[in-house]
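Since the structure comes first, as structure tokens, the remarks are kept for the end.
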Amino acid sequence: MDESLEQIVPESIQAGDIVGISVHTGNALRGYAVGRMARGRGAWVVYGGIHATLFPEEALERGEAHAVVKGDGDVVWGKVVADCLAGMPDRIYEGGRIEGSQFLAARWDLMPPEKYMWASVQTIRGCPKHCSFCSVWRTDGQKPRQRQYQTVIEEIVSLRRLGFRFIALADDNFYPVTLTDLRQAKAQNNIAKLEELTAIRAERFQLMEELAKLPKDMVFYTQITMEAGEDGEYLDAMRKANIKGALVGVEAVTPEGLKAVFKDWNCSGDALARQLQTFRQHGVHVLGSFIFGLPTDTPATFDATVEMALKAGVTFAQFVMMTPFPGTIDFVRWEKEQAENPTMVGDVPITRYWMIPTEIRPKMFTPHPTMSSDEIRERTQKVWDRFYNWSAIWERSACTPNLRARIAFIFLSKLYRQMYAGTGISTDSARRKKSKRWARWTARQCKKLFQAKPMPELQSPAWEPRLSPPLGHMAFAESKFQDSAGSFSILPDN
Ligand code: B12
Ligand code: SF4
């Protein structure tokens, strides 16, 4: 069940079932309610996912879990199921950080394919950086764990057979080894490191070479650091692989802002505009991601940011408000500040904001030194409105090859803007409802543009020698959905 599509029906759970619940911070409260309901119906309840990894005790208490899995579930889940069937699950399982060769393909065969616009496939876990607002390097580690390219391609081929043609390569950083990393290892004469980095880089190129051989109607997009802008060879390989776009974490446009988030290896000012333009010159569109509410932000930051986004020629942009996610440096700092005299919302300390019912949960948590939360939110809204006004979208849509694509671009831009207005920054419930309706309508129009005919005949390349077991359950997926219409929406119908 994907509760972002539809709510679980309690009657579908029977005594003795094993219910695994995946929670991130934003949906933990709902996850706990589902877990309590499932336990009440006599099921075994097991939590996993990033939030459960960070707060296993919370899942045990508030979610009435029988067991919690910390870290990667791929390998340990089998043991959890066996233990539940034997009636003796452990309280906590250490799933750990498994090797890339052990990652399993996702069970898309269990999901309703007609509800999704795109599928997602993760090719690498872990990130060598340490940005202050991000928990990925803490939970997934700083060592990149790369999946073998053969298994990635097999999963993608299986998805294309089902009719998925848009695929998000759900990596945090598609560029795990930079040219600077290679130069440094060379300068330090660190042969072992150099070999390791070179192997990771070579595997990335192999993956892209294989992606390039897939049907030409396939479109991939991913997330990448700005450093890839220095590496024309890499960007060219991405373009050839049909990786048409990448989310780039710009975060802040000033050196002070970047320093505040431990990301001063990012460019600022004119160098930033040039770096982002390089992606476009090599045929990779950028979705620029910016954060507002950093301590260094002033009222002038908002205009400066949107102007930079326009000047740098990013194709899409998102402007998110600073949120202290658990597991991050920002969170630890904030928790320490709050330790002596914690701000309370009802009986919940604000540092446990995910436990506050959504209707009364504040939109921002950390106070800004000079601006109020309302001011930051209003200014952020204005930035969205300016970047996504009709004339700006029309101008950007000139990057498309024909009128049909241009219309699609306009719809997608509006959809993206509406989805954010509906879920995050707007406090006005009438505006939220209206924008949700708009988002659903736009999504229905966009769905047609994402449609593709299933290709049941599509074959995976024959690899030699085989490096991992075949994807048994994907074979099941193919037989089940061979005739599906292949149109996908990411939004619920109701
Ligand atoms: C792709 C992605 C997205 C995509 C999702 C697309 C899709 N439909 O798949 C999009 C862009 C939509 C997205 C949106 C958001 N995302 Co996001 N996303 C990711 C990303 C990069 C990869 C997720 C993924 O596919 N992982 C691959 C799977 C295999 O890994 P996994 O989910 O961790 O699961 C493994 C284990 O955790 C465990 N496990 C998980 N669940 C369970 C359950 C059980 C029972 C068991 C036993 C084990 C288990 O086993 C799995 C296999 O090993 C992660 C970062 C990351 N590296 O995880 C961020 C991440 C999850 N996102 C994050 C955030 C903040 C968001 C947003 C809130 C952003 C925003 N401001 O809007 C939204 C929320 C959307 C929503 N409504 O839920 C944060 C969450 C932080 C937190 N503490 O909660 C992360 C960690 C990124 C970060 N930098 O911190 N996201
Ligand atoms: S924000 Fe991106 S670059 Fe920074 S640590 Fe997280 S995944 Fe890595």
Side-chain angles (χ1 to χ4, degrees), residues 2-5 18-28 30-31 35 44-55 59 65 67-81 93 95-98 102-108 111 116-142 144-145 147 167-176 221-227 247-249 251 261-263 265-266 287 289 291 318-329 331 354 419-420 423-425 488 490:
D2 178 350
E3 276 224 334
S4 65
L5 298 174
I18 303 169
V19 178
I21 304 172
S22 182
V23 282
H24 62 73
T25 300
N27 64 19
R30 170 66 191 157
W44 295 104
V45 174
V46 186
Y47 288 86
I50 186 155
H51 192 80
T53 297
L54 293 165
F55 295 99
V68 177
V69 170
K70 288 171 71 179
D72 295 331
D74 311 55
V75 175
V76 81
W77 178 242
K79 178 166 170 44
V80 178
V81 170
Y93 291 83
R97 292 176 189 156
I98 57 171
Q102 296 173 295
F103 295 178
L104 295 182
R107 292 294 307 269
W108 284 95
M111 311 311 288
Y116 293 91
M117 275 184 179
W118 67 72
S120 66
V121 175
Q122 204 180 38
T123 79
I124 196 162
R125 282 183 205 162
C127 176
K129 309 296 187 196
H130 58 273
C131 306
S132 70
F133 56 86
C134 177
S135 55
V136 163
W137 60 281
R138 285 265 171 98
T139 51
D140 285 356
Q142 289 185 284
R145 291 173 290 143
R147 216 172 140 192
I167 306 225
L169 302 175
D171 304 345
D172 291 291
N173 184 359
F174 194 78
Y175 187 58
Y221 41 94
T222 190
Q223 306 191 114
I224 203 162
T225 58
M226 192 184 291
E227 296 152 303
L247 181 148
V248 174
E251 330 301 1
V261 294
F262 297 2
K263 208 158 182 167
W265 40 270
N266 255 3
L287 190 171
S289 181
I291 303 178
Q318 65 178 28
F319 306 94
V320 298
M321 290 192 303
M322 178 68 198
T323 306
F325 280 110
T328 64
I329 294 174
F331 184 87
W354 54 90
M419 278 168 59
Y420 265 88
T423 53
I425 48 190
F488 306 100
I490 45 166

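For ligands, and for the atoms within them, numbers begin at 1 and follow the listed sequence. It should be emphasised that the depicted structure is a prediction, and the values quoted were computed from it without experimental measurement.
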Could you list the atoms of ligand 1 found under 4.0 angstrom from a heavy atom of S135? 90 (O)
Is there a heavy atom in A168 that sits closer than 4.0 Å to ligand 1? no
Can you tell me which portion of D140 lies within the under-4.0 Å heavy-atom range of ligand 1? Options are side chain, backbone, both, or neither. side chain
Ignoring hydrogens and geometry, is there a side-chain-to-backbone donor-acceptor pair from Y47 to G31 under 3.5 Å? yes
Can you name the atoms of ligand 1, numbered from 1 with element, that are less than 4.0 Å from a heavy atom of V46? 45 (C)
Nitrogen or oxygen of W77 less than 3.5 angstrom from that of ligand 1: no
For Q122, state whether at least one heavy atom is located under 4.0 Å from any atom of ligand 1. yes
Contact atoms of ligand 1, heavy-atom distance to S120 under 4.0 Å: 7 (C), 9 (O)
Does the T25 side chain pair with the main chain of F325, one donor and one acceptor, at a distance under 3.5 Å? no
Would you please classify the geometry between the W354 ring and the F331 ring as parallel, tilted or perpendicular, with 30° and 60° separating the classes? tilted
Could you tell me whether some N/O pair between Y47 and ligand 1 is separated by less than 3.5 angstrom? no
Using a 4.0 Å heavy-atom cut-off, say whether Q223 meets ligand 1 through its side chain, its backbone, both or neither. side chain
Using distance alone, decide if ligand 1 has a nitrogen or oxygen within less than 3.5 Å of any nitrogen or oxygen in D74. yes
For ligand 1, which atoms sit closer than 4.0 Å to a heavy atom of C134? 89 (N)
Considering both backbone and side-chain atoms of G73, is one of its nitrogen or oxygen atoms within less than 3.5 Å of a nitrogen or oxygen in ligand 1? yes
Measure the distances from the heavy atoms of G71 to every atom of ligand 1 and state whether one is below 4.0 angstrom. yes
Has R145 got a side-chain atom pairing as donor or acceptor with G126's backbone, closer than 3.5 angstrom? no
Let me know which of R97, Q102, R125 forms a side-chain hydrogen bond (donor to acceptor under 3.5 Å, both in side chains) with D72. R125
Which heavy atom of V68 sits nearest to which heavy atom of A59, and what is that distance? CG2-CB, 3.8 Å
Is any N or O atom of D171, backbone or side chain, closer than 3.5 Å to an N or O atom of ligand 1? no
What closest approach, in Å, do D74 and L104 show between heavy atoms, and which atom pair accounts for it? OD2-N, 3.0 Å
G49 heavy atoms, cut-off 4.0 Å: which ligand 1 atoms fall inside? 37 (O), 39 (N), 40 (C), 41 (N), 42 (C), 49 (C)
K263 and C131: which non-hydrogen atoms are nearest, and at how many Å? CD-SG, 3.6 Å
Pairs where residues 126-139 contributes a residue and the test salt bridge (charged side-chain N to carboxylate O under 4.0 Å, His left out) is met, not counting sequence neighbours: K129-E227
One residue to check: T25. Relative to ligand 1, which of side chain, backbone, both or neither has a non-hydrogen atom less than 4.0 Å away? both
If you compare V121, I50, V81 by their heavy atoms, the one closest to atom 86 (C) of ligand 1 turns out to be I50
Among R125, Q102, M321, H24, which one puts a heavy atom closest to atom 29 (C) of ligand 1? R125
Taking all non-hydrogen atoms of both residues into account, name the closest pair between I124 and D171 and its distance. N-OD1, 3.3 Å
When you measure from the side chain of T328 to the backbone of S135, do you find a donor-acceptor pair of N or O atoms at a distance under 3.5 Å? no
Look at the rings of W137 and H130 and say which category their plane angle falls in: under 30° parallel, 30 to 60° tilted, over 60° perpendicular. perpendicular
Heavy atom of S4, distance to ligand 1 below 4.0 Å: no
Can you work out which protein residues put a heavy atom within less than 4.0 Å of ligand 2? C127, K129, C131, F133, C134, W137, D172, T225, K263
Which atoms of ligand 1 sit under 4.0 Å from any heavy atom of D172? 21 (C), 55 (C), 56 (C), 57 (N)
As an exercise, identify every atom of ligand 1 less than 4.0 angstrom from a heavy atom of V69. 47 (C)
Near G20 (heavy-atom distance under 4.0 Å), the atoms of ligand 1 are 45 (C)
Please check: side-chain N/O of Q122 versus main-chain N/O of A170, any donor-acceptor pairing under 3.5 Å? yes
Specify the closest pair of heavy atoms between G249 and M226, including all atoms of both residues, with the distance to one decimal. O-CE, 4.4 Å
For W108 and S120 the tightest heavy-atom approach is CZ2-N, 3.1 Å
What do you reckon, does N27 have a nitrogen or oxygen under 3.5 Å from a nitrogen or oxygen of ligand 1? no
